[in-house]
There are 2 protein chains.
Amino acid sequence: MIASPLLKRNPNLYVFLPLFYMVWEDAILTPSEIKTIHEIIALQDWLTNEERSFLLEQINPASPPTPDELKSWLDEIKLVRNQLSAEKKESLVDIGVQLVRHHSNGQGSFSEETLLTLSNIENALGNISRESAYLFHPDERKTITSQHSTQSTFNVDALAGILEGQQSSVIRKVKEIISDPEFQYLDTDNLNEYREKVLQWCKHLAAQGLGSLAFPKEYGGSGDLEAYFTTMETLSLYDFSLVVKFGVQFGLFGMSVYFLGTERHHKKYLQKIGTLELPGCFAMTETGHGSNVKGILTTATYVHATKSFTIHTPVPEARKEYIGNAACHGQMATVFAKLILEEKDYGVSAFLVPLRDKNGKILPGITIKDCGRKMGLNGVDNGVIYFDSVSVPSENLLNRYADISDDGKFTSPIASDNRRFFTMLGTLVGGRIGIPRAGLSAVKSGLTIAIRYGDQRKQFGPEGGSEVPILNYRTHQRRLMPLLANAYALHFSLQHLTSRFINRTESDMQEIEALAAALKSFSTWNTTHALQECRECCGGKGYLSENRIDRLKNDTDIFTTFEGDNTVLMQLVAKSRLTEFRHEFGNMNLFGVLNYVADQTKTSITEKNPFAVRNTSEEHLLDSEFQLHAFRYRERDILMSAAKRLKRHIDEGMDSFDAFNVCQHHLVNVGFAYVERVVLEKFIEQVEETKDAGCKTVLKRLCDLFALSQIDKNKGWYLEQGYMDGVKTKAIRKLMNQLCWDVRQEAVPLTDAFKIPESCLAAPIAL
Amino acid sequence: MIASPLLKRNPNLYVFLPLFYMVWEDAILTPSEIKTIHEIIALQDWLTNEERSFLLEQINPASPPTPDELKSWLDEIKLVRNQLSAEKKESLVDIGVQLVRHHSNGQGSFSEETLLTLSNIENALGNISRESAYLFHPDERKTITSQHSTQSTFNVDALAGILEGQQSSVIRKVKEIISDPEFQYLDTDNLNEYREKVLQWCKHLAAQGLGSLAFPKEYGGSGDLEAYFTTMETLSLYDFSLVVKFGVQFGLFGMSVYFLGTERHHKKYLQKIGTLELPGCFAMTETGHGSNVKGILTTATYVHATKSFTIHTPVPEARKEYIGNAACHGQMATVFAKLILEEKDYGVSAFLVPLRDKNGKILPGITIKDCGRKMGLNGVDNGVIYFDSVSVPSENLLNRYADISDDGKFTSPIASDNRRFFTMLGTLVGGRIGIPRAGLSAVKSGLTIAIRYGDQRKQFGPEGGSEVPILNYRTHQRRLMPLLANAYALHFSLQHLTSRFINRTESDMQEIEALAAALKSFSTWNTTHALQECRECCGGKGYLSENRIDRLKNDTDIFTTFEGDNTVLMQLVAKSRLTEFRHEFGNMNLFGVLNYVADQTKTSITEKNPFAVRNTSEEHLLDSEFQLHAFRYRERDILMSAAKRLKRHIDEGMDSFDAFNVCQHHLVNVGFAYVERVVLEKFIEQVEETKDAGCKTVLKRLCDLFALSQIDKNKGWYLEQGYMDGVKTKAIRKLMNQLCWDVRQEAVPLTDAFKIPESCLAAPIAL
């Protein structure tokens with residue numbers, strides 16, 4: 001175009017150059033765009049016919065400019081554009097006029113009308129004027145998005161101290177050990193090598209006294225159950241096969257002897273277990289019975305003549321499966337079996353059964369198979385165990401809740417076999433505390449990796465401007481920031497659960513079991529979900545094993561289904577919550593229903609006032625009172641409606657088992673609503689208790705993000721119930737996005753406060 | 001209790017036995033329960049004081065019965081219960097009265113008043129009467145939940161035929177090959193062994209002509225692009241490392257030569273590529289630029305004197321990363337680099353660069369590193385490539401869109417570097433079709449495993465009844481059945497996309513690219529999510545590698561971020577959708593806005609009529625017209641509101657880059673709403689076209705489940721907009737649950753219709 005003699009003759013034609021540049025530079029000319037430009041050119045009566053044809057030819061899709069021509073147009077534009085004021089720089093027409101002036105020694109000019117029709121072309125091409133400014137002069141562009149960055153408004157060490165609580169010394173000790181060169185990640189794909197290494201690591205930990213933390217001092221322990229949980233959690237910053245192996249030996253096996261056994265077992269075994277002199281297993285699950293442990297089929301038949309039990313696997317489905325420590329190292333197992341005496345079935349009890357001798361040779365009557373490779377935790381030697389009429393002395397019965405009298409009778413302080421079994425299970429609830437805490441450590445590692453990477457990794461950016469850290473993108477923030485808030489929220493809740501468990505009384509147990517089941521489910525699902533997001537947020541780098549997210553995800557994936565399948569656990573939680581008003585529920589035939597509904601109506605009137613339903617002020621939404629009210633309302637309403645539904649079905653003659661099945665999804669939501677409320681309460685308490693002003697502010701922000709993102713997740717429910725109006729859920733979403741934007745600035749220091757040893761983090765993208 | 005002389009003297013006391021049994025058998029007595037029973041016993045004026053104390057002692061938590069006593073109570077109860085009518089069997093009081101009769105030779109009797117007070121105890125213990133019936137006589141219990149089972153209402157082969165469409169012969173050929181003993185899963189953890197095996201497998205496929213399916217006949221191919229996609233999809237029933245290796249060689253590398261090269265490249269290379277004589281790579285992604293490929297830094301500088309290009313990695317971030325086939329086998333690569341000529345940058349072009357000689361020796365100037373172990377796809381040898389001023393002849397430029405003239409000038413039919421680059425990328429959109437189809441095959445395998453297992457695996461059941469297949473549980477159905485519906489829905493949509501791509505015209509391309517991007521994102525996220533559910537639904541069995549879900553999940557996990565990061569792609573989709581009314585949008589300063597809002601208002605009036613908003617009839621909810629309307633309304637409303645938001649921000653002076661960032665999450669939803677509408681439309685069309693009545697019915701049910709579960713997923717949005725009322729979203733949820741229950745019966749045959757070879761499925765739990 002530029003080379004044409006027509007432009008020499010009539011420099012006014014230059015006025016079209018910037019428009020034409022944009023036409024060709026911009027992706028694709030649609031037919032209607034071309035038509036509009038044609039029409040406008042046709043309207044310009046100052047053009048000769050020849051000039052008109054020439055101009056139309058310049059935008060004929062069949063005859064594009066050459067790449068070099070297009071580049072020369074840009075050079076022209078850049079040249080004159082610097083001569084314009086900031087405002088005029090943004091108009092293609094103004095630049096065009098300036099080009100005309102430049103090429104006509106300041107002579108060219110246009111009527112107002114002409115300029116207006118030209119502006120119409122500009123408009124017809126969409127909102128591109130300002131964009132063109134960036135194309136023509138990239139360096140000018142500064143966006144809010146590009147400028148957002150990491151800033152710390154709080155003292156990282158102070159926050160780390162709050163997270164550690166009273167447990168600093170244990171945490172430091174464990175971190176020191178796992179930062180030792182001996183604890184380098186093993187670079188092997190060989191199962192046996194990995195398993196042996198994990199055993200060695202466990203021995204190191206035992207040598208440091210970490211194996212017997214929870215056992216009484218008289219058996220070489222520290223009598224410090226909290227330190228045991230803290231150790232599990234801290235080890236989980238490192239290798240999960242080690243964590244699980246450690247948990248199987250000192251937690252499942254050791255605690256079963258401690259809690260289900262009596263002094264004779266404690267004396268004989270606890271010290272050996274704590275030092276790993278006696279590696280053991282916890283053989284509860286059978287191939288045929290996982291979640292439904294009550295239905296296990298392994299038998300332990302009492303033989304009074306020899307005062308012994310015969311442990312037996314009656315059918316293949318009764319083999320013990322997935323048993324950690326079984327495939328290679330276990331020398332003894334706590335075996336759960338139905339106690340049979342004089343052909344009567346006394347329900348499930350636990351027995352100590354030797355599996356291997358000191359040299360690791362499998363004992364007669366025992367058959368062990370290797371579970372082989374798994375999705376993760378390949379450093380743990382899971383196995384399958386069959387018992388072929390294996391005899392053990394009667395003192396091997398872990399006899400805290402069930403015993404055999406000298407005259408060969410079954411005795412127990414608990415009459416019902418069922419209730420005895422669930423009481424035994426209740427003592428083992430610690431596993432449901434250790435697992436979510438371990439899973440949370442994995443999330444902390446994953447988030448640290450993904451957030452540090454997101455803070456450094458730049459991709460895309462404003463046209464011509466510099467590239468932007470991906471953590472500045474709103475979708476990236478929406479993926480990671482609520483998870484960071486969850487991690488903090490769960491940290492405090494799990495500490496609360498631990499402390500309740502440690503200071504438990506008999507009458508607390510039902511509630512603690514429900515809380516443990518609920519937090520275990522909620523946390524471990526969060527772990528799986530969070531690590532999936534971390535993987536995706538790190539793109540291809542997240543897929544490389546060197547960055548460890550694959551391992552974190554795969555190792556912890558089983559957490560959602562072991563120590564109780566999450567879906568099953570959430571139903572147990574719901575049933576436990578229902579018993580809270582079982583009387584109310586049971587009496588509902590008569591006045592009960594009326595009282596009930598009356599209560600509900602009262603709730604509706606007092607709790608759903610029209611102002612609150614539509615209140616969108618930031619002050620209101622960030623008020624913990626509002627947040628707690630919303631969570632509590634949801635918890636109570638879902639629980640009550642589940643009860644009413646169940647009741648209605650049963651009253652209509654439905655079998656109660658069917659009624660529970662019909663409401664199963666509703667019951668899972670009862671569990672969620674309950675645990676979400678607890679988590680929020682504990683987080684709010686933590687914020688209130690926090691003294692340090694900087695920490696308090698950032699924790700409050702995380703707490704708000706937790707609260708609002710949960711409400712947003714459940715907005716369908718809130719809207720369905722009329723507890724909130726659409727204007728309010730929209731305002732909550734907007735505020736949540738703003739909180740994500742704000743928290744992003746503090747995200748890196750917030751992960752620094754997890755204080756994960758760099759040697760454990762290990763991911764090259766996060767160092 | 002039974003042994004007490006008091007009962008001999010006054011057999012009327014037996015009336016309490018069933019109640020007391022329940023008290024002890026049931027979990028735990030709460031203080032208020034104990035109090036109620038005490039009060040009621042105190043009210044019985046027919047009791048002596050001694051008898052009262054005796055009875056109270058029987059329920060004293062401090063002195064429980066022995067396990068044997070409790071068992072003897074049950075024996076008593078069972079004995080007399082058989083003498084009662086069905087109705088009376090369910091009442092603890094009636095059983096008690098019968099016990100009294102039994103022990104008093106039919107003499108005992110009670111006043112109405114006494115019986116009423118006793119009933120009050122029963123009520124006080126909650127709704128347990130009927131439960132007791134099951135405890136006392138288990139075999140009677142038959143529940144709806146237990147009796148639900150697999151039933152086929154359609155012809156599996158007919159449905160399989162519908163899925164296969166015109167591609168049966170290719171599918172059968174590929175299935176035959178991958179069922180061959182040569183294609184046994186490799187049981188190794190050794191990377192090299194696995195990689196070599198995968199190369200061998202690829203060679204077998206090439207030998208069968210599968211490598212060159214898509215290439216023109218004159219170069220040894222079949223000219224059948226559809227068969228290529230079908231092959232990818234079918235291979236994905238087997239090993240994903242093979243699929244990706246196959247895709248890298250014949251898809252990415254081969255297609256880049258085919259689509260970006262010209263005859264000289266086709267002649268020289270296509271045959272060798274199709275036979276795998278020339279193993280190659282597709283080297284686009286750099287460490288520093290993944291999603292933002294336009295920003296790659298590798299240079300290809302033209303040297304006119306030698307008519308050659310110098311390929312160079314100027315900084316470490318410019319190294320090519322994750323390149324499949326690079327670490328071991330690739331002898332040549334299509335390398336994307338910025339073409340520099342006379343110090344001018346002409347944007348990204350593609351060049352063929354030799355990497356290794358025929359013997360596999362790396363050529364001078366090339367440095368290759370191994371990416372090492374990954375989350376999955378470990379049979380693919382991904383590598384990192386550095387170029388140190390590597391010279392290639394100028395004919396190695398893939399010159400369909402960019403060329404060098406004899407006099408050393410850059411030429412191109414496309415003037416803009418940007419537009420040229422995106423045109424080149426557009427030709428490679430096939431990758432975004434192959435990947436979701438491969439991912440869908442993984443879902444089909446995962447669902448087949450999880451559904452067959454869920455149909456067989458029994459766990460829990462009504463008290464005393466037999467255990468129930470876990471697929472009969474509502475939560476299990478809610479996890480798996482919508483995913484089964486999704487799998488069918490996506491199958492038809494991806495076939496539609498493939499056919500549009502194959503029959504494309506120039507003017508279709510923008511829409512096809514958007515559709516491919518949207519379906520790729522939607523499908524691959526579905527793959528990740530579905531396989532996660534399958535894993536959890538199979539519990540511990542799902543965690544064992546032998547059942548393959550870990551491999552399916554880990555191998556396909558990268559699908560959400562390669563061939564375009566899903567989140568980024570969804571934003572591209574949104575931008576493409578926005579251009580649909582860019583004029584409207586660009587003109588909004590003036591009358592535009594008014595017209596716009598007027599349009600919206602019209603929509604609101606016509607589309608949200610109050611009857612439909614609250615219509616909960618099943619007929620309405622299962623009407624495809626309603627479903628389509630809901631999806632289309634959502635699509636249009638989200639798109640328009642996104643446009644308005646963007647416009648508002650920009651008008652208020654926000655930088656457009658910031659405006660897009662603020663709306664980013666909204667834009668991702670534009671993509672979702674669009675693709676969900678397309679998927680529903682195609683599924684409905686498929687149902688309408690289906691002739692076979694049985695297949696039509698089951699497909700309609702799946703289509704309804706897809707539609708309603710999507711609406712349920714998006715119910716927050718529908719409620720927020722007032723498009724539906726809470727009564728309607730509740731009715732939809734209820735109907736969705738019912739559809740899950742119905743589809744469960746056909747779930748196994750529906751997976752049978754996928755016709756996955758058993759040797760490929762391989763999971764022991766699914767065979």
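Proteins come first, then strands; the chains are lettered A, B, ... in the order of their sequence lines, and each starts at number 1. Nothing here was measured: the structure is a model prediction, and the numbers come from that model.
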Taking the six-membered ring of B/Tyr346, is the NZ or CZ of A/Lys71 close enough (under 6.0 Å from the centre) and on axis enough (within 45°)? yes
If you count heavy-atom pairs under 4.5 Å between each of A/Gly726, A/Gly542, A/Cys663 and chain B, which one has the most? A/Gly726
One thing to verify: whether A/Glu546 and B/Arg373 come together as a salt bridge, which I'm taking to mean a side-chain N less than 4.0 angstrom from a carboxylate O. no
Look at A/Asp725, A/Leu70, A/Thr423 and state which one has the largest set of heavy-atom pairs under 4.5 Å with chain B. A/Leu70
Run the salt-bridge test on A/Asp557 and B/Arg535 with the 4.0 Å N-O cut-off and return the result as yes or no. yes
Check whether B/Gln459 reaches the backbone of A/Ser291 with its side chain - one donor and one acceptor, N or O, closer than 3.5 Å. yes
Under 3.5 Å, is there a donor on one side chain and an acceptor on the other for A/His665 and B/Arg474? no
At a heavy-atom distance under 4.5 Å, which candidate from B/Leu719, B/Thr560, B/Ile558, B/Thr528 has the highest pair count against chain A? B/Ile558
Quick one: of B/Ser507, B/Gly290, B/Gly295, who has the most non-hydrogen atom pairs under 4.5 Å with chain A? B/Gly290
Over all atoms of both residues, closest heavy-atom pair of A/Pro67 and B/Thr411: CG-C, 4.5 Å
Quick one: does B/Trp741's side chain get under 4.5 Å of A/Asn661's, heavy atoms only? yes
Considering only heavy atoms, which portion of B/Pro462 lies under 4.5 Å from any heavy atom of chain A: side chain, backbone, both, or neither? both
Would you name the heavy atoms of B/Arg419 and A/Val23 that are closest together and state the gap between them? NH1-O, 4.5 Å
Give a yes or no on this: more than 12 heavy atoms of other residues, nucleotides or ligands lie within 6.0 Å of atom NZ of A/Lys728. yes
Atom group of A/Glu467 that falls short of 4.5 Å from chain B, counting heavy atoms: side chain
Which bit of B/Arg733 comes within less than 4.5 Å of chain A, counting heavy atoms only: side chain, backbone, both or neither? side chain
Return yes if some donor-acceptor pair links the side-chain N/O of A/Asp655 with the main-chain N/O of B/Thr143 below 3.5 Å, else return no. no
Leading residue by heavy atom contact count with chain A [cutoff under 4.5 Å; candidates B/Cys538, B/Gly372, B/Gly376]: B/Gly376
Tell me if a side-chain donor or acceptor on B/Tyr543 pairs with a main-chain N or O of A/Thr561 at a distance below 3.5 Å. no
Would you mind telling me which of B/Gly288, B/Cys371, B/Gly539, B/Pro413 has the largest number of heavy-atom pairs within less than 4.5 Å of chain A? B/Gly288
Contact class of B/Asn554 relative to chain A, heavy atoms under 4.5 angstrom: both
Does B/Asp189 use its side chain to pair, donor to acceptor, with the backbone of A/Asn190 at less than 3.5 Å? no
Heavy-atom pair count under 4.5 Å with chain B, highest-scoring of A/Arg457, A/His529, A/Lys409, A/Arg551: A/Arg457
Could you tell me if the side chain of A/Thr567 sits less than 4.5 Å from the side chain of B/Arg479, heavy atoms only? yes
Using non-hydrogen atoms and a 4.5 Å limit, figure out which bit of A/Val662 sits close to chain B: side chain, backbone, both or neither. both
Do you know which of B/Thr285, B/Asp550, B/Asn292 has the most heavy-atom pairs with chain A at a distance under 4.5 angstrom? B/Asn292
Separation between CG of A/Asn547 and NZ of B/Lys374, rounded to the nearest 0.5 Å: 13.5 Å
Below 4.5 Å from any heavy atom of chain B, which atoms of A/Lys553 appear? Answer side chain, backbone, both or neither. side chain
Considering only NZ, NE, NH1 and NH2 on the basic side and carboxylate oxygens on the acidic side, decide whether A/Glu720 and B/Lys715 come within less than 4.0 Å. yes
Under 4.5 Å from any heavy atom of chain A, what part of B/Gln532 do you find: side chain, backbone, both or neither? side chain
If you measure from OG1 on A/Thr145 to CZ on B/Phe657, what distance do you get to the nearest 0.5 Å? 5.5 Å
Answer with side chain, backbone, both or neither: which region of A/Trp525 has an atom nearer than 4.5 Å to a non-hydrogen atom of chain B? side chain
Please answer whether the main-chain N or O of A/Ser416 pairs with a side-chain N or O of B/Glu25 as donor and acceptor at a distance below 3.5 Å. no
Considering only heavy atoms, which portion of A/Thr287 lies under 4.5 Å from any heavy atom of chain B: side chain, backbone, both, or neither? both
Okay, A/Gln571 and chain B: the region with an atom under 4.5 Å from a heavy atom over there is side chain
Region of B/Thr729 in contact with chain A, defined by heavy-atom distances below 4.5 Å: both
What's the spacing between B/Asp565 CG and A/His476 NE2 if we round to 0.5 Å? 9.0 Å
Evaluation steps, side chain to side chain contact (heavy atoms under 4.5 Å, CB included), between B/Val568 and A/Phe460: CA-CA 10 Å; B/Val568 175; A/Phe460 295 109; 3.9 Å; yes
If you count heavy-atom pairs under 4.5 Å with chain B, which of A/Asp187, A/Leu191, A/Leu377 comes out on top? A/Leu377
Do NZ/NE/NH1/NH2 and the carboxylate oxygens of B/Lys344 and A/Asp68 come within less than 4.0 Å? yes
Can you tell me if A/Tyr322 uses its side chain to pair, donor with acceptor, with the backbone of B/Lys541 under 3.5 Å? yes
Does the side chain of A/Glu536 come within less than 4.5 Å of B/Asn566's, by heavy atoms? no
Kindly compute the distance separating OH (B/Tyr473) from CZ (A/Phe660), expressed to the nearest 0.5 Å. 13.0 Å
Measuring heavy-atom distances to chain A, does B/Ile414 have an atom under 4.5 Å in its side chain, in its backbone, in both, or in neither? backbone
Heavy-atom contact with chain A under 4.5 Å, split by part of B/Glu321: side chain
Closest contact, heavy atoms only, A/Thr66 versus B/Ala415: O-CB, 4.1 Å
